[in-house]
Amino acid sequence: MNDTVSFGYTDVAPGEKTKRVGAVFSSVAARYDLMNDAMSGGLHRLWKDRFVRRVKPRAGEYILDMAGGTGDIAFRLAASGARVTVADINPDMLAVGIERAAKRGIDGLVWSEANAEALTFPDASFDAYTIAFGIRNVTHIQQALGEAHRVLKRGGRFFCLEFSTTQWPGFAEVYDAYSHRLVPKLGKLLADDEDSYRYLIESIRRFPDMPAFEAMIAKAGFVRTHAEPVLGGLVAMHSGWKI
């Protein structure tokens with residue numbers, strides 16, 4: 001493995017990234033929806049709806065929602081009757097999700113503090129694995145993809161929703177200016193936390209583009225991989241199957 005990994009525009013030791021990312025999400029946990037609204041103009045809610053429709057959750061099947069601490073994806077999945085395990089490395093994010101579930105009267109979810117790179121679930125435990133806006137914060141992404149493949153049953157499906165790089169002429173420049181200049185200021189205004197929001201924007205820029213990330217998914221053993229761009233690739237829905 002490389003001696004350094006990216007933390008936004010900075011290269012740091014792997015252990016340092018894990019620690020810093022943990023601090024970012026502990027800081028923003030209570031304002032996670034505000035963070036996503038600031039970064040997407042509120043569109044993340046529609047993207048998540050569309051993402052879950054792509055997953056096609058079914059009653060009774062077992063789904064692991066990784067990096068899903070606040071429950072945004074899990075609540076949508078559970079509405080189908082699927083048996084959802086919500087896993088997140090950050091206990092502060094999980095605490096927010098548990099509180100939100102209680103307020104909404106959603107029970108039956110399993111909450112698990114877990115590292116995407118070293119899951120404790122047995123092989124072939126789940127019918128589907130989802131991760132939304134979380135994979136870019138993982139220290140060793142390829143390792144996490146390998147773990148996703150391991151815990152899925154044969155015929156299991158992998159779905160990832162993540163920011164990417166839009167190819168639309170003009171829009172890319174507008175969004176780049178908005179995200180770099182305005183989002184950290186919104187973070188300061190709404191959450192008194194400019195640095196965390198700046199990292200989250202920088203982490204998008206350092207994340208592999210759609211073809212590169214699709215190749216990483218295939219390298220982990222998935223077949224029939226697919227990348228579906230949204231808004232020209234500002235966001236991408238990636239999928240693959242385990243056979």
Side-chain angles (χ1 to χ4, degrees), residues 1-8 10-29 32 55 62-74 84-95 97 110-153 156-164 196 199-200 202-209 212-223 225 236-242:
M1 292 182 180
N2 293 334
D3 293 331
T4 61
V5 293
S6 67
F7 177 81
T10 306
D11 291 326
V12 298
E16 180 67 16
K17 173 171 181 172
T18 303
K19 184 169 68 174
R20 289 193 188 188
V21 169
V24 165
F25 281 93
S26 290
S27 174
V28 303
Y32 187 67
V55 177
Y62 289 88
I63 301 179
L64 175 62
D65 181 39
M66 191 66 229
T70 62
D72 265 6
I73 298 297
V84 183
T85 296
V86 188
D88 203 295
I89 196 172
N90 191 298
D92 295 313
M93 295 285 280
L94 287 168
V110 176
W111 302 87
S112 175
E113 187 175 337
N115 184 340
E117 300 174 33
L119 297 174
T120 57
F121 307 109
D123 294 358
S125 296
F126 298 97
D127 299 289
Y129 175 113
T130 60
I131 184 166
F133 301 122
I135 194 76
R136 74 181 189 279
N137 299 305
V138 170
T139 302
H140 298 112
I141 294 172
Q142 193 66 60
Q143 192 170 322
L145 292 172
E147 280 291 271
H149 189 270
R150 180 185 67 78
V151 301
L152 281 171
K153 301 174 183 177
R157 54 210 195 275
F158 168 87
F159 284 90
C160 175
L161 177 65
E162 189 52 87
F163 287 106
S164 190
S196 292
Y199 156 72
L200 290 162
E202 292 177 359
S203 68
I204 295 169
R205 300 300 181 272
R206 294 294 297 268
F207 190 70
D209 62 17
F213 186 53
E214 185 175 358
M216 293 175 72
I217 296 170
K219 183 179 178 181
F222 290 101
V223 300
T225 58
M237 298 187 193
H238 287 270
S239 58
W241 294 76
K242 177 179 179 177

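Here, residue 1 is the first one in the sequence, and each next residue gets the next number.
With Gln143 contributing its side chain and Glu117 its backbone, the two residues share a donor-acceptor pair below 3.5 Å. A donor-acceptor contact shorter than 3.5 Å links the side chain of Asp127 to the backbone of Tyr62. Between the side chain of Arg206 and the main chain of Val5, no donor-acceptor pair closer than 3.5 Å is present. Checked by atom type and distance alone, the side chain of Asn115 never pairs as donor or acceptor with a backbone atom of Ile89 at under 3.5 Å.
Each of Thr130, Asp88, Leu119 was checked for a side chain to side chain contact (heavy atoms under 4.5 Å, CB included) with Met66, and the lone residue meeting it is Leu119.
Here the side chains of Asn137 and Ser203 are in contact, with some heavy-atom distance below 4.5 Å. The closest side-chain heavy-atom distance from Phe126 to Lys153 is not below 4.5 Å.
Here the CD-CG distance, from Glu147 to Leu64, works out to 10.5 Å after rounding to the nearest 0.5 Å. A distance of 14.5 Å separates OH of Tyr129 from OG of Ser239, quoted to the nearest 0.5 Å.
For Phe213, the ring pair (Phe, Tyr, Trp, His ring centres under 6.0 Å) test picks out Phe207, His238, with sequence neighbours left out. Listed by chain and number, the residues in a ring pair (Phe, Tyr, Trp, His ring centres under 6.0 Å) with Phe222 are His149, Phe158 (sequence neighbours excluded). For Arg157, the salt bridge (Lys or Arg N to Asp or Glu O under 4.0 Å) criterion is met by Glu61, not counting sequence neighbours.
Nearest heavy-atom pair across Gly22 and Asn90 is O-ND2, 3.1 Å.
In the model, Thr85 has no side-chain atom that pairs as donor or acceptor with a side-chain atom of Ser112 under 3.5 Å.
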